[in-house]
Student: 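Mind looking over this structure? Questions follow.
Numbers restart at 1 for each chain; the letters A, B, ... are given by sequence-line order, proteins then strands.
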Amino acid sequence: MPKLLNKTCQLTNFRNPPKPSSTSSPSPPLADPATIANLILKSDNPESLPQTLYTLTEWTPNLVQTILKRLWNHGPKALQFFNLLESHPSYSHFADAFDHAIDIAARLRDYKTTWTLVSRMRSRKLGPTPKTFAIITERYVSAGKADKAVKIFLSMHEHGCQQDLKSFNVFLDVLCKSKRAEMAYKLFKIFRGSFRADVISYNIIANGFCLKKQTPRALEVMKEMVERGLEPTLTTYNILLKGYFRAGQIKEGWEFFLQMKKRKIEIDAVSYTTVVHGFGVAGEVEKARKVFNEMIGAGVLPSVATYNALIQVLCKKDSVENAVVVFEEMLKKGYVPNATTYNVVIRGLCHAGKMDMAVEYMDKMKDDCDPTIQTFNVVIRYYCDNGEIEKALEVFKKMSGETCLPNLDTYNVLISAMFVRKKSDDLLIAGKLLMEMVDRGFLPRKFTFNRVLNGLLLTGNQGFAQEILRLQSKCGCLPRHFRL
DNA sequence: TTATGCTTAT
């Protein structure tokens with residue numbers, strides 16, 4: 001895998017970028033991000049792309065960010081775009097674009113490119129910033145290289161970026177969010193003196209233990225913090241509240257909530273949302289509703305997240321019809337639903353077999369927010385499960401004109417669906433999807449390769465099978481069972 | 001998106 005990805009992400013292209021032709025119009029037309037992104041995705045001809053990009057439009061940091069975001073699921077292409085634009089005769093990247101590119105490279109686990117970008121960022125005096133290091137360490141941790149991440153954090157200053165309490169806290173949080181509370185806690189104990197750990201540091205560690213459903217340990221941390229003379233904040237209490245519910249300790253969570261009230265802690269929408277969601281997950285629909293109503297009575301305004309929690313409860317444990325009623329209520333009160341709200345409702349509708357309505361909500365969604373990859377994946381998945389393959393493919397096609405593009409999950413779901421009808425044409429589509437996903441920087445599982453190969457061979461598509469086989473060996477995972 | 005906490009689901 002790394003071999004292929006490294007190759008696609010090389011940063012050495014176009015030392016001498018072609019100059020924009022002198023005959024081009026004085027002010028290039030403004031182009032929209034989706035069109036440009038599609039142009040980049042489709043270009044198999046890297047020779048002509050720079051020329052096109054340089055003269056295409058007036059480049060702005062904003063446009064660059066939008067396109068990078070859009071190409072997020074297509075790492076190699078995104079980096080190719082970033083690199084080409086870096087050689088633009090008059091446009092220069094800002095720090096944000098570097099951070100974005102670094103994030104993409106690190107996500108592809110292409111660390112060589114990652115660090116090349118960091119040093120280029122440094123030579124342009126744009127960073128690396130604490131944010132850059134937050135991104136890099138997070139990627140290392142999520143790739144299972146937590147020890148390496150610690151080393152990177154401790155060597156920040158060697159890259160011209162000083163550590164402080166803020167970056168220390170961010171790093172602790174990165175470790176905790178990836179379920180490494182114990183490691184974070186050890187590090188915390190070593191460095192809390194030199195960084196002058198504060199309430200936030202303690203909250204992060206307590207939350208880390210809560211994420212691992214170790215509420216007693218979280219309580220210990222809180223106790224320790226009080227012993228050291230730090231006052232717990234509302235956030236501290238909310239972290240523990242959530243911890244109880246997450247660990248399935250519903251009774252303890254509710255008791256804790258009552259204690260908070262008794263101690264005259266000013267309970268906020270976050271506390272209420274936590275309880276509504278907690279009861280919901282436990283299947284206690286009525287209690288969830290009751291708490292929701294109680295908060296309004298107590299003069300705490302529900303947030304969109306509170307509505308989301310209630311709507312989700314109703315979708316999962318009551319009925320989607322009742323969920324839609326709450327959704328409409330929310331609109332009437334002037335709330336603007338966010339992507340989560342829509343995704344929850346759309347999932348509920350799909351689950352209830354109301355696919356047409358789900359698609360209607362997907363259209364409505366566009367007035368309030370951009371559909372997310374989950375929106376598309378849910379609808380595609382349910383269409384596939386219902387055997388409506390054509391409709392699934394239609395939604396998939398529509399994605400190329402949207403704000404987000406297919407991810408690994410999308411491809412896996414669709415490719416699997418291409419086997420249910422046992423149609424030769426479907427297998428050809430599966431093959432095409434497989435090629436497209438590799439081209440866009442995803443690595444299919446061996447299982448997927450074998451399945452597609454098998455299908456193509458059985459339907460007499462020897463030629464195409466051979467092509468897929470070549471692709472597979474390029475990806476570095478040679479098949480065991482096939483000899484063509 | 002990046003100094004803690006609430007909402008999807010990967």
Side-chain angles (χ1 to χ4, degrees), chain A residues 65 69 72-73 96 99-100 102-103 129-139 142 163-174 176-177 184 188 195 197-211 218 221-222 225 230 232-243 245-246 260 265 267-278 280-281 288 291-292 295 300 302-313 315-316 330 335 337-348 350-351 365 369 371-378 381 407-410 412-413:
Chain A
Q65 282 301 87
K69 212 173 140 190
W72 176 246
N73 283 327
D96 277 349
D99 282 342
H100 214 132
I102 286 166
D103 200 5
T129 64
K131 182 179 162 189
T132 316
F133 278 94
I135 290 165
I136 295 173
T137 49
E138 187 191 324
R139 291 299 169 198
S142 61
Q163 301 109 314
D164 54 8
L165 175 59
K166 188 168 160 175
S167 54
F168 181 56
N169 283 343
V170 172
F171 184 56
L172 291 179
D173 196 39
V174 163
C176 286
K177 294 256 167 72
F188 168 80
F195 284 113
D198 62 357
V199 183
I200 294 174
S201 325
Y202 279 96
N203 284 350
I204 287 167
I205 301 292
N207 187 47
F209 283 119
C210 285
L211 287 172
V221 173
M222 187 175 134
M225 142 186 193
L230 290 166
T233 60
L234 176 58
T235 303
T236 317
Y237 293 109
N238 283 340
I239 285 168
L240 275 151
L241 185 65
K242 174 80 182 175
F245 280 106
R246 184 187 284 111
M260 283 170 72
I265 292 159
I267 292 170
D268 67 354
V270 175
S271 328
Y272 279 108
T273 305
T274 303
V275 178
V276 171
H277 180 250
V281 169
V291 173
F292 185 88
M295 83 184 278
V300 179
S303 64
V304 173
T306 323
Y307 273 101
N308 293 349
L310 182 64
I311 289 170
Q312 192 206 175
V313 173
C315 280
K316 290 202 173 158
M330 166 181 187
Y335 285 89
N338 61 21
T340 303
T341 327
Y342 279 104
N343 286 343
V344 169
V345 172
I346 289 168
R347 167 174 300 276
C350 287
H351 193 74
M365 180 175 190
C369 55
T372 66
I373 186 67
Q374 286 91 347
T375 323
F376 290 104
N377 285 353
V378 163
R381 190 186 294 268
N407 67 6
L408 182 64
D409 208 37
T410 325
N412 281 335
V413 168

Student: I346(A) CD1 to dA9(B) P: how many Å, rounded?
Tutor: 12 Å

Student: What is the separation between atom CD on Q65(A) and atom C1' on dT1(B), rounded to the nearest whole Å?
Tutor: 12 Å

Student: Not counting sequence neighbours, which residues clear salt bridge (charged side-chain N to carboxylate O under 4.0 Å, His left out) with D103(A)? List them please.
Tutor: R139(A)

Student: Just the rounded figure in Å: distance from C1' of dT10(B) to CD of Q374(A).
Tutor: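 Taking CD of Q374(A) and C1' of dT10(B), I get 7 Å after rounding.
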
Student: If we take the C1' atom in both dT10(B) and dT4(B), what is their distance in whole Å?
Tutor: 23 Å

Student: Checking Y237(A) now: which residues fulfil ring pair (Phe, Tyr, Trp, His ring centres under 6.0 Å) with it, not counting sequence neighbours?
Tutor: none

Student: Could you check if a side-chain atom of I267(A) sits within less than 4.5 angstrom of a side-chain atom of V300(A), using non-hydrogen atoms only?
Tutor: no

Student: In terms of ring plane angle, is the pair F292(A) and Y307(A) parallel, tilted or perpendicular, where the classes change at 30° and 60°?
Tutor: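 Perpendicular, since the angle between the ring planes exceeds 60°.
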
Student: Closest heavy-atom contact between A288(A) and G280(A)?
Tutor: CB-N, 4.3 Å

Student: Summarise protein proximity over nucleotides 2-7 of chain B in one line of letters, 5' to 3': B for base, S for sugar-phosphate only, - for none, counting protein heavy atoms closer than 4.0 Å.
Tutor: BBBBBB

Student: Strictly under 6.0 Å, is that where the ring centroids of F188(A) and F195(A) end up?
Tutor: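 Centroid separation for F188(A) and F195(A): 6.0 Å or greater.
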
